[in-house]
Amino acid sequence: MSQLNIKLNGVETSIEAGIDGFKLFTDKSVIALRVNGEARDLAYRPVSGDAVEGILISEPDGLAILRHSTAHVLAQAVQTIRPEAKLGIGPAITDGFYYDFDVEQPFTPEELRAIEKQMDRIVRSGQRFVRRVSNEAAAAIELADEPYKLELIGLKGSSADLGDGAAEVGAGELTIYDNVDPQSGETIWKDLCRGPHVPSTRTVGNAYSLTRVAAAYWRGNENNKQLQRIYGTAWATKDDLKAHQERLEEAAKRDHRRLGQELDLFSFPEEIGSGLAVFHPKGGIMRRVMEDYSRKRHEESGYEFVYSPHITKSNLFEISGHLAWYADGMFPPMKLDQEVNELGHVTKQGQDYYLKPMNCPFHILVYRSQSRSYRDLPMRLFEFGSVYRYEKSGVLHGLTRVRGMTQDDAHLFVTQDQMEAELTNVLNFVLGLLRDYGLDDFYLELSTREEGNPKFVGADEIWERATNTLAKVAQDSGLELVPDPGGAAFYGPKISVQARDAIGRTWQMSTIQLDFNLPERFDLEYTSSDGSRQRPVMIHRALFGSVERFFGVLTEHYAGHFPPWLAPVQVVGVPVASEFGDYLDEIAVKLRARGVRVSIDHSDDRMQKKILNHTKAKVPFMLIAGGQDRDNGAVSFRFRDGSQENGIPVDVAIERILEAINTKAQV
RNA sequence: GCUUCCUUGGCGCAAUUGGUAGCGCACCGCACUUGUAAUGCGGGGGUUGCGGGUUCGAGUCCCGCAGGGAGCUCCA
């Protein structure tokens with residue numbers, strides 16, 4: 001046999017010509033090959049000069065192949081049970097996979113279980129995934145019954161944007177994967193697919209599960225038909241699957257909607273309407289503490305506080321351009337003052353008033369209320385501004401996506417020369433403040449304009465300068481920077497600060513936007529040192545995004561175990577018997593005098609019951625006192641984790657509590 | 001907005017094929033006076049989200065609306 005030279009796992013190796021990946025890697029945990037950087041099936045036969053590595057089932061690329069192969073098994077199972085189901089696409093996604101089907105009747109949960117059973121049978125039957133190169137004409141005939149696949153083949157020909165469909169056809173050769181029965185050699189099922197796949201359905205194993213069914217627009221376009229999408233999760237081992245399910249349970253326990261109910265923080269009364277929250281006393285305390293601290297920091301950093309009304313005549317948003325671009329996202333107008341005679345003719349022109357979806361035009365009017373000099377700049381106007389947006393009903397989600405919210409909104413008016421320094425300033429201010437609230441793992445996203453999209457207004461060179469300035473500031477921060485092309489606001493590019501929470505999920509927090517457009521629209525000016533009229537640049541920035549949303553994110557981050565400075569009740573006193581209640585009341589008086597939020601539980605519950613109740617309420621400090629403590633002028637701490645320290649002198653206990661509050665420590 | 005599922009006392013849940021609403025927690029009262037995650041007894045509270053329809057009879061079936069969950073699309 002002739003030999004050929006390849007680079008095997010980085011080492012120059014001579015192998016027999018014509019042997020495939022199965023021979024090169026006998027380790028069963030190798031499920032595919034990486035050939036010259038590209039994933040291939042194990043059946044691939046290396047040619048001279050190839051750089052070949054094994055892809056392990058446990059590595060990210062391997063998991064993606066496993067998940068995509070599981071999607072094929074799902075599709076085969078569905079077509080076994082519902083032969084009329086037409087195939088959409090079936091890619092791997094984070095933690096799993098999905099496959100879209102066009103079916104007359106949506107899948108029921110019971111049917112999902114039947115499909116899982118059928119998948120098990122397919123997995124056990126050990127069908128081989130066999131790659132076959134086809135061409136557009138042949139595939140079109142072969143897949144005549146699969147209209148969506150035909151569309152993808154057509155799109156491939158036209159080099160249109162395939163989106164998620166890239167997994168099916170992608171670049172290069174058009175391929176079909178046959179599922180071949182190992183005994184008979186018969187092809188049982190096939191799918192248009194770029195691959196690669198695991199060698200056999202048996203490799204899929206048993207660490208997968210179908211999770212839910214939902215509708216999804218074909219090719220992600222809401223003008224297209226909705227297909228039924230089945231989601232699943234798939235892992236290398238059963239333990240990994242279990243760990244994943246436990247992570248989901250952990251996330252569910254932290255859900256701010258659930259904790260908001262359990263901890264009595266806020267609610268969404270049906271009578272008020274979707275996406276409109278009320279904060280209860282406990283949530284109200286937290287919100288006030290959050291806002292007070294933010295105000296204090298803004299004051300220290302040179303911001304000035306303004307207030308503006310919740311409604312305005314339409315004219316304001318016509319000038320700003322919001323009505324032209326975002327009327328759909330605004331609550332419809334209140335039509336006022338119009339008078340009509342008996343004949344239906346308008347005798348007095350009315351006015352349309354809108355609830356404000358943004359604060360910027362109001363702050364602009366504050367700026368414009370008098371002639372400004374370069375000496376006034378930078379001018380930093382801050383407001384907790386309540387805005388209302390008519391979010392589509394399907395997107396509302398707890399406090400994180402609402403119809404009424406309060407932004408911690410500021411608009412900075414600066415000269416072109418001050419722009420970069422001020423942006424750097426703002427970014428550092430934002431990051432510092434977020435850290436104070438307990439978030440400390442960040443990365444930045446730079447959202448820029450999409451070429452040729454008419455949504456973005458303003459001259460090219462202005463966009464370029466704004467984008468370059470933001471990019472420089474972002475880079476100088478030293479934080480990881482992720483590009484987000486097309487994500488800019490219509491009036492300018494933005495940096496957004498993304499924060500990772502305690503269990504690694506990322507949340508978009510603050511945004512900093514540069515805007516040359518609104519100063520133009522409102523004809524803003526300042527007199528420069530040489531007496532000439534100049535146009536200021538605007539910086540929009542919200543740090544929490546909205547107070548509501550930030551509240552929700554912090555709730556999930558802390559899983560309701562708020563650090564003492566934020567906790568609605570910081571200390572609860574539990575007397576061992578009611579006769580010790582007075583003693584605790586004396587301590588409570590001292591704590592209250594120092595501003596601590598403390599209550600003493602005088603109810604006639606057993607003390608064990610009281611401990612249970614306050615543990616469930618996630619109170620940071622419980623102070624327990626009985627005869628021994630009273631005799632010694634002491635108190636006993638019980639902490640959230642159930643640990644305790646007995647016999648702490650009262651003054652020491654008070655200092656410890658104050659220390660924790662003042663340093664914003666977590667306990 | 002679209003697809004789909006859901007809605008029973010403050011909260012979490014039950015109610016066989018449509019037969020006239022139960023439980024736990026919470027709440028109120030009484031007793032107990034307690035040393036680290038549920039003391040005992042008793043009591044009150046729901047025309048089953050709202051509006052229509054089918055039926056002798058609807059929490060259960062049908063239609064509409066509202067609110068919620070999941071996903072899609074969207075997010076100035």
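Below, chains carry the letters A, B, ... as their sequence lines are ordered, and counting in each starts from 1.
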On the nucleotide [N], are OP1 or OP2 found under 4.0 Å from the side-chain N or O atoms that [X] carries?
X        : N     : result
A:Tyr231 : B:C72 : yes
A:Arg229 : B:U73 : no
A:Ser274 : B:G68 : yes

Does a side-chain N-to-carboxylate-O contact under 4.0 Å join A:Lys610 and A:Asp605? no
Rounding to an integer number of angstrom, what distance separates [N] and [M] when you compare their [atom1] atoms?
N     : M     : atom1 : answer
B:G9  : B:G59 : C1'   : 14 Å
B:A14 : B:U7  : P     : 9 Å
B:G53 : B:A70 : P     : 35 Å
B:C50 : B:A66 : C1'   : 7 Å

Both A:Pro106 and A:Ala489 contact RNA chain B. Taking the nearest nucleotide for each, which residue is further toward the 5' end? A:Pro106
If you assign A:Ala488 and A:Gly398 each to the RNA chain B nucleotide with the nearest heavy atom, which residue ends up on the more 5' nucleotide? A:Gly398
RNA chain B in dot-bracket form (Watson-Crick or G-U pairs under 3.5 Å, [ ] crossing, | inter-strand) is (((((((..((((.....[..)))).(((((.......))))).....(((((..]....))))))))))))....
Report, one line per pair, each donor and acceptor closer than 3.5 Å where one atom sits in a side chain of residues 573-588 of chain A; sequence neighbours left out.
from	atom 1	to	atom 2	distance (Å)
A:Glu579	OE1	A:Arg630	NH2	3.3
A:Tyr583	OH	A:Ala634	N	3.0
A:Tyr583	OH	A:Ala634	O	2.6
A:Asp585	OD1	A:His602	NE2	3.1
A:Asp585	OD2	A:His602	NE2	3.1

Checking A:Phe382, A:Phe516, A:Phe413, A:Tyr491 against A:His540 for ring pair (Phe, Tyr, Trp, His ring centres under 6.0 Å), the one that qualifies is A:Tyr491
Contact state string [nucleotides 30-45 of chain B, B base, S sugar-phosphate only, - no protein heavy atom under 4.0 Å]: --BBBBBBBB------
A:Gln261 has a side chain; which of B:U3, B:C2, B:C11 sits nearest to it? B:C11
